[in-house]
Amino acid sequence: MIDTKTLISKTAVGKRVGELARTISDDYAGAQEVILVGVLKGAFVFLSDLSRQLEIPRRIEFVAVSSYGEEPPTGEVRLLLDLRHRIAGEHVIIVDDIVDTGHTLAYLQRTLRAREPASLRTCVLLQKPERLEAECHVDYLGFEIPDVWVVGYGLDYKEQHRTLPYIAEAKVPGDPYRE
Ligand code: IMP
Ligand code: MG
């Protein structure tokens, strides 16, 4: 087990998720339906809490993506699990856990935009601004964090700590971005 230190408490996360849900509910008031596209696995806790507090008609869908894991990293992304339904003409919100280099999000935004949804926005819980490389756009952001490896609330280090109820900084040996 690795050492962890609380970075954002359960209370602070809960409060911010509630605020995001209210903002999104206001912005989409009157929309017939919104499709929330959760990015597996990391977004599952955030999506679950966020979606249950929305006050608009919504549907839940999932995609799964993976980086190619090349050395050196190329920023290439692969779609492992696609949507089950067409999204043309629909209001779509991508929901993800964290924007790091932004390559995953840039890829998803390109891919989903090409399917001509009525609108496409992105809601992300965490972003590490110092690490951003790709061109992507975040409409709803929970917290900006420094360049540290974080776990909990859906985020993992080697599949550990995803179900911590708060966000913690993990003291990981070596370079977690390469593992
Ligand atoms: P990006 O494509 O570099 O923005 O990477 C996005 C993905 O990398 C996220 O969806 C996470 O799965 C993973 N990731 C990046 N930083 C962290 C972290 O600090 N903790 C856990 N996962 C992370
Ligand atoms: Mg993710």
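All ligand and atom numbering here is 1-based and tracks the order in the structure. This one's a predicted model, so the numbers in the text were calculated from it and none came from an experiment. Numbers here simply count residues along the sequence, with the first being 1.
- Contacts between Arg131 and ligand 1, counted as non-hydrogen atom pairs separated by less than 4.0 Å, are absent for every part of the residue.
- For Glu19 and Arg16, the salt-bridge test passes: some basic side-chain N is under 4.0 Å from an acidic carboxylate O.
- Taking every non-hydrogen atom of Thr104 and a distance limit under 4.0 Å, the qualifying atoms of ligand 1 come out as 1 (P), 2 (O), 5 (O), 6 (C).
- Using 4.0 Å as the threshold, Leu105 has no heavy atom nearer than that to any atom of ligand 1.
- Note that the OG1 atom of Thr111 and the CG atom of Leu79 stand 6.5 Å from one another [nearest 0.5 Å].
- Cation-pi geometry between Arg131 and Tyr177 is satisfied (NZ or CZ under 6.0 Å from the ring centre, within 45° of the ring normal).
- Residue contact annotation: Val148 has a non-hydrogen atom under 4.0 Å from ligand 1.
- Ring planes of Tyr140 and Tyr28: tilted class, angle from 30 to 60°.
- Contact check on Lys41 versus Asp156 returns no salt bridge, with no Lys/Arg side-chain nitrogen under 4.0 Å from an Asp/Glu carboxylate oxygen.
- Among residues two or more places apart in sequence or in another chain, the side chain to side chain donor-acceptor pair (under 3.5 Å) test is passed with Arg115 by Asp82.
- If you number the atoms of ligand 1 from 1 as listed, the ones under 4.0 Å from a heavy atom of Lys128 come out as 16 (N), 17 (C), 18 (C), 19 (O).
- Residue pairs meeting the salt bridge (Lys or Arg N to Asp or Glu O under 4.0 Å) criterion with at least one partner in residues 136-154, sequence neighbours excluded, do not occur; the list is empty.
- Between Val150 and ligand 1, at least one N/O pair is under 3.5 Å apart.
- Atom 11 (C) of ligand 1 has its nearest heavy-atom neighbour, among Asp100, Val39, Ile98, in Ile98.
- Of the N or O atoms in Tyr177, none lie within a sub-3.5 Å distance of an N or O in ligand 1.
- Using a 4.0 Å heavy-atom cutoff, Gly102 is listed among the residues neighbouring ligand 1.
- Rounded to the nearest 0.5 Å, atoms CZ (Arg113) and CD1 (Ile94) are 8.0 Å apart.
- Contacts of Thr101 with ligand 1, taken as heavy-atom pairs under 4.0 Å, involve both backbone and side chain.
- Not close to ligand 1: Lys41, with no non-hydrogen atom less than 4.0 angstrom away.
- When each atom of ligand 1 is checked for a heavy atom of Asp156 under 4.0 Å away, the hits are 21 (C).
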